[in-house]
Colleague: 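I have a structure I would like to understand better, so I am pasting it below and will then ask my questions one at a time.
FYI, the numbering just counts along the sequence from 1. Indexing begins at 1, ligand by ligand and atom by atom, following the structure's order. Keep in mind that the numbers below use all heavy atoms, side chains included, and drop hydrogens, waters and symmetry copies.
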Amino acid sequence: MEKNTTRRSFLSSSAKATLAITASLAAGSTLMEACGTPRVAYGATGIQTGFGQDPLPYSYSALEKAIDAMTMEIHYTKHAAGYATNLADAAKAENVDTSKPLEDVLTRISKYSTKMRNNAGGHYNHELFWKSMSPNSTEKPAGKLLAAIEQSFNSFDSFKTQFGDAGKNRFGSGWAWLFIDGDKKLRIGSTPNQDNPLMDVSDIKGLPVLGLDVWEHAYYLRYQNKRPDYITNWWKVVDWGYVQTRFDRLS
Ligand SMILES: [Fe+2]
């Protein structure tokens, strides 16, 4: 009798959970639970990514202390715009509902074409990258994020070294990441090309908090082959306020 009651109560709570998930998805949220990625209803975070390019939140010359104006202009209007255009083409060809968050596609990217993988990743990564920079950088995080970084990497300086190394050691083109893994721990890693930790095909999996573009198109005009110098200067323009917002909403 007691067993039956327990079973009935399990079925009841299971049915409730299914209804909650269905309602959440119907409301446009994305539920990510595959491959160790923490569950996040992106529709409710306020930081989900759309399929179109958002306006750059500063002028092309605003980040001169790290990135020159011509690089910013070419990067935003040519490279990143190209990913957005090609993503729109791929979404149309593959019947993707572009009113839903792009994260919904990224977490199931293995189901789509290589064109979708390259351009959905390229668009998502750059949208995050632009928003993660500001001419008014505090050059250091604060609050819960700083505490979590110090706990995970011993110190903020040690974190910068490890993150910088992830970017410097990425062979060819790719990204360095700070992300939250399936155990809700902060991790550092890197991905090739335009992959990112949200993708079910990625070696590192989790929720991106901060990403650094280490493709040559991001730095070559000023830094030529000196990627480490670009990374050293990039810290001067990181918008820790935005990064903290992402961490607060995703952790
Ligand atoms: Fe780029």
Colleague: Looking only at the aromatic ring of each residue, does the gap between the centers of His126 and Trp175 stay below 6.0 angstrom?
Modeller: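 Centroid separation for Trp175 and His126: below 6.0 Å.
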Colleague: Can you name the N/O/S atom of His75 that is nearest the Fe ion (ligand 1)?
Modeller: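 Nearest to the Fe ion (ligand 1) within His75's N, O and S set: NE2.
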Colleague: Counting only heavy atoms not in Lys144, do more than 12 sit closer than 6.0 Å to its NZ atom?
Modeller: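 Yes, NZ of Lys144 has more than 12 neighbouring heavy atoms, counting only those of other groups under 6.0 Å.
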Colleague: So which of the N, O or S atoms of Asp213 lies nearest the Fe ion (ligand 1)?
Modeller: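 Relative to the Fe ion (ligand 1), the closest nitrogen, oxygen or sulfur of Asp213 carries the name OD2.
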Colleague: Do you know which N/O/S atom name in His217 is closest to the Fe ion (ligand 1)?
Modeller: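 The closest N, O or S atom of His217 to the Fe ion (ligand 1) is NE2.
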Colleague: Taking the six-membered ring for Trp, is the centroid-to-centroid distance between Phe247 and Trp240 below 6.0 Å?
Modeller: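 For Phe247 and Trp240, the ring centres are not under 6.0 Å apart.
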Colleague: For the CD atom on Glu139, are there more than 12 heavy atoms of other groups (residues, nucleotides or ligands in this structure) within a distance under 6.0 Å?
Modeller: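 Check passes, neighbour count above 12.
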Colleague: Taking backbone and side chain together, does His79 place any N/O/S atom at a distance below 2.8 Å from the Fe ion (ligand 1)?
Modeller: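 Short answer: no, not a single N, O or S atom is under the cut-off.
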